[in-house]
Structure formats: C-alpha cells, structure tokens
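What follows is a single structure, written as structure tokens, with notes after it.
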Amino acid sequence: MKKELAKTYNPKEIEEKLYEKWCENKYFHAEVDESRKPFTTVMPPPNITGKLHMGHAFDNTLQDILIRYKRMQGYNALWIPGTDHAAISTEVKVTNQLKEEGIDKKELGREGFLARTWQWKEEYAGTIENQLKKMGISCDWDRERFTMDEGCSKAVEEVFIRLYEKGYIYKGSRIINWCPKCKTSLSDAEVEHEDQDGHFWHIKYPVVGTDEFLEIATTRPETMLGDTAIAVHPEDERYKDLVGKNVILPLVNREIPVVADAYVDKEFGTGAVKITPAHDPNDFEVGKRHNLEEINIMNDDATINENGGKYAGMERYEARRAIVKELDEQGYLVKTAPHMHSVGTHDRCGTTVEPLIKQQWFVKMEELAKPAIEALKTGELKFVPERFDKTYLHWLENIKDWCISRQIWWGHRIPAYYCDECGEFVVARKMPKKCPHCGCTHFTQDEDTLDTWFSSALWPFSTLGWPEQTKDLEYFYPTDVLVTGYDIIFFWVIRMVFSGFEHTGKSPFHTVLIHGLIRDSQGRKMSKSLGNGIDPLDIIDQYGADALRLTLVTGNAPGNDMRFYHERVEASRNFANKVWNASRFILMNVGDEGVAEPDAKLFNAADKWILSKVNTLAKDVTENMDKYELGIAVQKIYDFIWDEFCDWYVELVKYRIYHKEEKPAEADCALWTLKTVLGNALKLLHPFMPFITEEIYGALKPEEESLMMSDWPVYKEEWNYPSDEALLGHVKDITRGIRNMRSEMNVPNSRKTKAFIVSEDAGFLCGLEQLKESVQPLMAAGDIVMESEKKEIAEDAVSIVVPGATVYLPLEDLVDFEQERERLAKEEDRLKREIKRAEGMLSNEKFISKAPADKVQSEREKLEKYTQMLSQVQERMAGLGGCVRP
RNA sequence: GGAGACAUAGCUCAGCUGGGAGAGCAUUUGCUUGACGUGUAAAGGGUCGCAGGUUCGAGUCCUGUUGUCUCCACCA
C-alpha cells in the first residue's frame, strides 16, 4: 500500500498521529526481560513550577536520542519520566497565587495549603507531560513518577531513618542561611553570591580604662547590636597591647573583649574585626573558639528583635541607616568608603540571605562523600566531557554538612516526633506510642520539611521500587547514563552519587553526560525578567518537533552553551523538507509492488559507491554515538543524505529510472539501492528526527511495523566497495571541473557540449563508460567521448585537468585563448607549488624515518599524482602554443 | 583568592586520539534540469587571539600572555 506524500513537509499532519501510535503500541514501555540487556536512564524531573523551557527541550532531546539509539540496537531501553515537587519554588508560586486571590497562606492552614498545592501539581504535571509528548520524547509513561508520590515518599522516610540511625543525620544549633522572605533555612548550594555596591563604615570603639579608640570597619553596621568581641591578629604589633582589654560598644554601651584570632587578616580594613557570632559564619567560629556569647538580634523576617534595644522592630536596612546616623552624630563614625562586596542571595527569590543560628537538621557529609570521590578515580563513574571531573571533585573534597530541614509546608515532612511532655524527640516510621524518656503518650511531629534535593537524590533507585528489592531494581539498576546541565552538578548529581553508594552500594549510573545552557541570539541567558525566553512549543508549532530537535543537537560540543535563533531552526526545517522530498521522489518511482533484491553482479559503480558510503556511515555514526558525540554523528548523517545521496546518487540514478521500459533490470538495481540506502539513512537519522523518519519509513516499507523498533544498521563486509568509491571520486572531480569551467565562462545550462575525457587509465574509462548516460546530464554534456590518448580534439576547446584525466570541452566561439592560457599557467603554478611541498617533505630524512609509513606513502602518491597532472597541463599548453589567435 | 571554559570565514559555531582549514546563515553570480526555489550549480571570504616551546609536522600537545565569560571561596 503506497502512500502519497505532500509536496512540502507538514509536521503537524504527522506528529500527533505517530506519537499516539507509538504510545498505543507500548513501544516506550519496558519490562524486566532477562534475555535482553537493559539500558536505563532516568529523566531529570522538571519542576512543577511552570512550563518547560528550551533547556528542558535540549536536555530531553539528548536523552531521547540516546534511548532511541539504544532501543534500536536491541537493548531493553527504559526511560523513567517524572516531575519534581520543587519545594520552595512551588510554595512561593502557590503562595503568590493565593495572595492574588486575597488569601493568606496562614489562613488556609497547613492542610488547606497542601490541598491547594496538590491541585497546582496536577495541573502543571499535566502541562509538562503534554509538552514532552510534543517533543517526541520516548519515555515510559506507565512509569511516570513524582518526587512526592507514595513510593518516593517511602524511600525518603527510609533514607532519613537509616541515616539517622547510622548517626549521619543530626539535629543541631548551627549558623545557617536564612531567607527572611521565604522564612526558611537554605543549604549552601541554594545561596547565590553576587557582588553589590556597598559601603565600608569605619567605626571607633573606646578602649576601657584609656582615652584611646580602636577602629574597625564593617559592611553591616546593624549587626553591631549583636557584637560580643573585637578580634585582631595575634601577631599584629599595632594591637598587641589591646588584646585582653575591653572596649565599649557604642550606642549599645556594652563592654566587649578584644581577642586574638588568626582568622583576622592584618592587611584588610583596619586589621580589627567586630565579631557577631550569631550573624556571621566566621564570627560564629571565632565565637566558639573564644567562648563568646551569641546574641541573636534578628527576627525571622529580618527585623530587629528585642535584643536590639531601641532599634527593635526596625527592618534590617532601616536599622542600618539609623545606626550609621547615630554613630555619626555621636562621633564614632570615622569615615564611610564605597566598597564592593559579595552578598548572599536566595537563588529562588533573590532576597539577601541572613546568616542566623537555628536548630536545624543536617547530614554529616564527610564519610558519605568518600565513595563518591573514589568512584570517579576508579572510573566507575565518568563525566562527559571530562573537564567536569574537577568541578565534581572540588565540591566533594570541600564538602560541608548539608542543612536539610526547611521551614515550609510543601515537601516531605521530617519523621521526628517530639514528646509533648519532655520535648525529647524520636525518629521513627510511625508516630510513637510511648516516650522512651518520660513515658508520655502524646507526640507532635516535627513541623519542618526536607530540602527538595533530598528526594531527588534518590531518584535513580526510588523510581525503581527501592527500598523494596524489586525485580525492576535488580534488573534496571544501576542506570546507565544521566543527562543533565552543568548547573545542577552540585545540587543533584553529587547527591545522587553518594546516595546511590550509601543505599545501594553502587554508583547510580556509569556516565554523566553534561550539557550547557541554551542562550538567546545575543548569548544572554533566557529569563523571565528579560522576556527573551523562547517557548519550545512555539518553535514546534512553526517548524515541527524534528526541526527543533535537530537544531538543538547540531553544532554543539558536549558541555558547551548554545545560542538559539530562528535561522538555525529554519536550516533544520529545510533539511527535513529535503529528506521529505528525496523520499517522495523515491516513493513515486519504487511503485506499489516493491523491488526484489537484485543480484549483486548487476549493480553499477554508483550503486556500489552509495552502498559503500552508507555502510561506512553506519560504522562512523555508531562510533560517534557511543562516544556521546551526538553533534558530530548527526552532522555526518546530514552531510551524507544531502551532499552524497541527494545531490549525487539520486541524480545519477535518474537515467536508469527514466529508461525503465528499455532496461528493467538496471532500473531495478537503482530502485532497490535507492530504497535500501534511504531506509538505512532513515534509521540512522531516526533518533534525532523521529517523526519524519517514521512517517517516511512507514510509506517506504509498509510491511514493517515501525522504524523506531527496527534494527540499527551495522557494518556489512559485503557492502565494502573501495574501487567503486575511487571511481565515483573521479567522476565527481570531473563533473565539478566541468561545472566550474562552464560557470566561469558563463555558458548557459541549455547549451550542451561534448566532453572529451582523456585518460591513460583503462580501468577508469571502462568504469566511466558504464555510467556514461547517467553522468551526462550532470556534466551538461551532449555526449561524452572517452579516449586513451588525445586524438582529434578541436583546438578551440578548454581543458580541465583532474587527477588521472584531462577533459576537453569544445566551446568554440566562447573560448578566449589568452584567458585559457592564463588559467593553465595558474594551474601549472599551483601544481608546481604542490610538487615542491611534497618533494620537500619526502626529501626530509627525518620525515621518512619518523613519520608513519602510510603518511609517507600518501605523500608519495600525491607527488606522483601532481607530477602527472603537471605534465597534462604542460602538454595542453604546448598544444595551445601553435594556435594563438591574433 | 582558586578553578574552568572560550578566542577559527561578515555572523553563530564544529573540528574526535597532531598529517594539506569545515558547516549553517549572510554576500555575489548562473539555472523554471520530469523530488524539493524550504531547491540547484558556482564564487568570494581565514597569518585558527598573541609569544615561545615540544615534534619530521601544531588549529590540535606544553608554557607564558592578552581579552571575554562561568563556577567556586568567609576577606569583615
């Protein structure tokens, strides 16, 4: 049953239909099957905070290419999709949505808020699923997961309890990053440092018992309300006498000691530092060393609390201004200098983070990090490209304990229960019956939830059933490749790796394929605030999913960022159209009844050449795919289809097709080869452009069920035809030479000329003879005359010298002999230079002795070739000499 | 302060383990050739940032240098 294809490719007509077919036939679904090898990957779960952006399209396209490739290779390919609850981000979004409706989140209460957030989740997870489907993503929808679904939640609870029981999770009062807007603690990774213009305020403190002053400098004067010491360097001569003495804290009028601590940099500022243990991580450490009091001066919303005396109730920057003003009025402010400093901000809301001392839950990282470091060193885990090893190792080797508790509602609640009587807590799977400390029977669960990355860290195994030892887990785990952007190596990749080792004893994947960011045409990050984001669905709507996918994977090296602009998608769309039309031509000619495989002896050189080419292409592409060089792989396929198959083979085949009646056997060779080579090319292209390839393949081989489930092409020894490749190489050289000449001389295409091809190579002439009719139109030749030596060729002809042959085009009146002579002289010059170069290399003894034999050999061959060409040119020039026209 | 990346044709970028510089777009000029003008044939355009080094040979490896960007880091 033959299908008619439309004149231009219209993606909309086929994409949805094909995706439905794939789903209906369960092609994306994988089950345990011991007879086959699994290939597993888990999708980095997109946040349910909104629609997918171009980065997601990129990430998922790469994964889809790999999974489709492996599926065709015969692996039992499993790709698990899902979404992430994105704790803080989602909570912020829902809170804002409520605010717009005039509802305060607190009014709703925890339960009400969670119910509302689940609604949000349903809506957005649906949108995301839809978007992924439009992109052609072949993940197993039957296994779609959510980081807060039952199974993932169970895994989270189990991990928390196990880590607690092993002593890796502890509750402690430590200085943490606090977001005053979201009113929650944050991990170090969630804090972004940005340089801001600020001030350096120099303040002098009276030294008790003297009339001296000690000058310090600070960027955050409001924190002086919580100062409990001044620190100087122990070897700082300037301040040696002051160590041990006290100073008066201005405004507050508290006496605080001067301590010596090596943390202080003598060269920086005044060399004396105010110490606020409750509001600075370093000061906190200094405070611990010197047993200093920790005075918390701030409320959770970053207003000053009752410890701030008369500043209590003021917002932090308001307090700063008031304090500076007052210091100035009272003569304590020495000077104010502009100062650029780094300010920590919350990566989700941009609010300046406040370091505060809080009771929080932490994961002790040192031990957990060890196997993750080791894995990279032993090769159990590798990054592509390798340079990300350093990023990974640097982070792990300097890792600090992970603050995992968050003071928000949307997330996994911490399984710790506090006794209502004595306040002691119990970590347990269920609410305990009786307090082991006091016997009380009433408990309250910890209000905090876990960092969103705590659950995504378990994603590669929680989605396969862990903590149960399921068949899925046994068969599909460890997964194979993880594809993700370099921006979440710290957040996610590292945490998955150490979690994998800790809970399953294995690395969760052997390879991490890292990609970059998609930027706009000017190289800027796509962001909501800039409004420069491009919606992948808009692109799909305009150009089709395949064009989008091809754009995302072309011309990009792993790990590098990419600029996205319409011209690139247009180029991809044009390629899709090219494939479509070449296929249309083939389908029109192949006919309904199909073509039987001809006897190999009947193939002509062009057939063998293209079979040989597609054969090596399969081999090369496979190698590139295995090295994750997807951009190189697709470039080779693109070049093959367009430059070799369409521009040469299809053209070379037309003569035989149009003369089918006379010589049916020859036409069949052409048709069979067209169909076969196209089929293989479609297979190779399929992972990149799944829709168009599947559609065409369905028309080309209606007897087969599906392209996506067909076999990946492998190299065949019987399709290796080196001599035909060489012959076609010559034919192309000659054709290009003729076209070039005609173009230069402005010969209209309608004017066909004879072409005399003179060569001493009988084999070549014989091969060419076979292709004569096929090749004639490409050379715009009315006839081709082949001769072993120059005979009766009109004097008024131009000559084209190619390796092994000279071509004469009798262009009669068009030939300007002066011009022809000049051209030949230029050619002679060029060849002489080439010969000189080759001779130079070959006369270099070191080259002969040190270079690989095949390089030396190829230089010799070049020398021979050029020498021969030179004599052809010179012969022609001599022949021309006798007939100079006045 | 530490680490990394990039610097190649007018623009955006490829170039894998070193062996005569490539693509797409843009520009110029032909072509209604029975799949495609979303096409086709041709042309112009590069001291591969700079300086050294290793090598028979460097866009590719090493060192230094300049410029741009990114990440990490507690300099108050």
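Below, chain A is the first sequence line, B the second, and so on; all start at residue 1.
Using atom P as the reference point in both B:U47 and B:G10, the two lie 8 Å apart (nearest Å). B:A23 and B:A14 are spaced 16 Å apart, taking the P atom of each and rounding to whole Å. Separation of the P atoms belonging to B:G57 and B:A41 is 41 Å when rounded to the nearest angstrom. B:A9 and B:C48 have their P atoms separated by 10 Å, with the value rounded to a whole Å. For the C1' atoms, the distance from B:G15 to B:G52 is 25 Å, rounded to whole Å. With both ends at atom P, the span from B:C62 to B:C71 equals 25 Å, rounded to whole Å. With both ends at atom C1', the span from B:G59 to B:G49 equals 12 Å, rounded to whole Å. Comparing the C1' positions of B:A76 and B:G4 gives an interatomic distance of 28 Å, to the nearest angstrom.
Phosphate contact (OP1/OP2 of B:A43, side-chain N/O of A:Asn740, threshold under 4.0 Å): present. Phosphate contact (OP1/OP2 of B:C13, side-chain N/O of A:Arg563, threshold under 4.0 Å): present. Between A:His339 and B:A76 there is a side-chain N or O to OP1 or OP2 distance below 4.0 Å. Between A:Trp395 and B:C71 there is no side-chain polar atom (N or O) within less than 4.0 angstrom of OP1 or OP2. In this structure, A:Lys400 reaches the B:C74 phosphate: one of its side-chain N or O atoms is under 4.0 Å from OP1 or OP2. Between B:G39 and A:Asn574, a contact under 4.0 Å exists linking OP1 or OP2 to a side-chain N or O.
Base engagement by A:Gly271 is indicated by at least one non-hydrogen atom pair under 4.0 Å involving a base atom. Looking at heavy-atom distances under 4.0 Å, A:Lys390 makes contact with sugar-phosphate atoms alone, never a base. Among the protein residues, A:Asn560 comes within range of the sugar-phosphate backbone only, with heavy atoms under 4.0 Å from sugar or phosphate atoms but none that close to a base. Looking at heavy-atom distances under 4.0 Å, A:Ala571 makes contact with sugar-phosphate atoms alone, never a base. Contacts of A:Lys862 with the nucleic acid, taken as non-hydrogen atoms under 4.0 Å apart, include base atoms. Using a 4.0 Å heavy-atom cutoff across all strands shown, A:Phe388 reaches no nucleic acid atom at all. A:Arg742 comes within contact range of no nucleotide atom at all, as no heavy-atom separation falls under 4.0 Å. Across all strands shown, A:Asp265 has heavy atoms under 4.0 Å from base atoms, whether or not it also approaches the sugar-phosphate. Among the protein residues, A:Trp201 comes within range of no part of the nucleic acid, since none of its heavy atoms lies under 4.0 Å from any strand. Residue A:Lys636 is out of contact with every strand shown, counting any heavy-atom pair closer than 4.0 Å. If you check every strand for non-hydrogen atoms under 4.0 Å, A:Tyr866 touches a base. Residue A:Val747 is classed as having no contact, given no heavy-atom separation below 4.0 Å to the nucleic acid. Nucleic acid contact for A:Arg573: base, since at least one base atom lies under 4.0 Å from a heavy atom of the residue. No engagement by A:Glu570 is indicated, since no non-hydrogen atom pair under 4.0 Å with the nucleic acid exists.
If you take NZ of A:Lys266 and C1' of B:A76, they are 17 Å apart, rounded to a whole angstrom. If you take OH of A:Tyr638 and P of B:G22, they are 17 Å apart, rounded to a whole angstrom. For the pair A:Trp648 CH2 and B:A35 C1', the computed distance is 18 Å after rounding to whole Å. For A:Leu292 and B:A76, the CG to P distance is 20 Å, given to the nearest whole Å. The CG atom of A:Asn746 sits 12 Å away from the C1' atom of B:C31 (whole-angstrom rounding). Residue A:Asp280 contributes atom CG, which lies 10 Å from atom P of B:C75 at whole-angstrom precision. The distance from atom CE of A:Met741 to atom C1' of B:A43 is 14 Å, rounded to the nearest whole Å. Between the CG atom of A:Asp643 and the P atom of B:C36 there is a distance of 19 Å, rounded to whole Å.
Comparing B:G15, B:C25, B:C74 by their closest approach to the side chain of A:His193 singles out B:C74. Checking B:G19, B:A76, B:U33 against the side-chain heavy atoms of A:Asn749 singles out B:U33 as nearest. Checking B:C71, B:U40, B:C31 against the side-chain heavy atoms of A:Phe490 singles out B:C71 as nearest. The side chain of A:Tyr565 lies closest to B:U12 when the candidates are B:C56, B:U12, B:C75. Of all nucleotides listed (B:C56, B:A76, B:C74), B:C56 comes nearest to the side chain of A:Asn844. Which of B:G15, B:A35, B:A42 sits closest to the side chain of A:Val650 comes down to B:A35. When each of B:U38, B:A35, B:C75 is scored by its nearest atom to the side-chain atoms of A:Phe268, the top-ranked nucleotide is B:C75. Picking from B:A42, B:A76, B:A41 the nucleotide with the shortest atom distance to the side chain of A:Asp647 gives B:A41.
Base pairing of B:G34 is not made with any nucleotide, judged by Watson-Crick or G-U wobble geometry with both donor-acceptor distances under 3.5 Å. Across the strands present, B:C16 finds no partner; the criterion is a Watson-Crick or G-U wobble pair with both atom distances under 3.5 angstrom. A 3.5 Å limit on both hydrogen-bonding distances identifies no Watson-Crick or G-U partner for B:G45. When Watson-Crick and G-U wobble pairs are counted only if both distances are under 3.5 Å, B:A7 pairs with B:U66. As the counterpart of B:A58, no nucleotide is assigned, since no Watson-Crick or G-U wobble pattern has both distances under 3.5 Å.
No hydrogens or angles considered: nothing links the side chains of A:Asp265 and A:His233 as a donor-acceptor pair under 3.5 Å. A:Gln857 and A:Asp854 are not linked by any side-chain donor-acceptor pair at a separation below 3.5 angstrom, with hydrogens and angles left out of the test. Between the side chains of A:Ser858 and A:Glu861, not a single donor N or O lies within less than 3.5 Å of an accepting N or O. A:Lys274 and A:Thr276 form a side-chain donor-acceptor contact under 3.5 Å, judged by distance and modelled atom types alone.
An aromatic stack links A:Tyr658 and the base of B:G34, using centre distance under 5.5 Å and interplanar angle under 30°.
Looking at A:Glu651, its side chain comes within 3.5 Å of the base of B:A35 through a donor and an acceptor atom.
With A:Phe847 as the aromatic partner, A:Lys855 does not meet the cation-pi criteria of under 6.0 angstrom to the ring centre and within 45 degrees of the ring axis. Cation-pi geometry between A:Arg495 and A:Trp402 is satisfied (NZ or CZ under 6.0 Å from the ring centre, within 45° of the ring normal).
Below 30°, between 30° and 60°, or above 60°: for A:Trp580 and A:Tyr9 the angle between ring planes is between 30° and 60°, a tilted geometry. The aromatic rings of A:Phe200 and A:Phe268 lie tilted to each other, with the angle between the two planes from 30° to 60°.
Toward the 5' end of RNA chain B, the nearer of the two residues A:Cys646 and A:Thr735, judged by each one's closest nucleotide, is A:Cys646. Of the two residues contacting RNA chain B, namely A:Lys654 and A:Lys627, the nearest-nucleotide position lying further toward the 5' end is that of A:Lys627.
For the ring-ring contact (aromatic ring centres under 6.0 Å, His included) with A:Phe575, the qualifying choice from A:Tyr638, A:Phe640, A:Tyr543 is A:Tyr638, the only one to do so.
Aromatic ring centres of A:His515 and A:Tyr486 lie farther apart than the 6.0 Å criterion allows.
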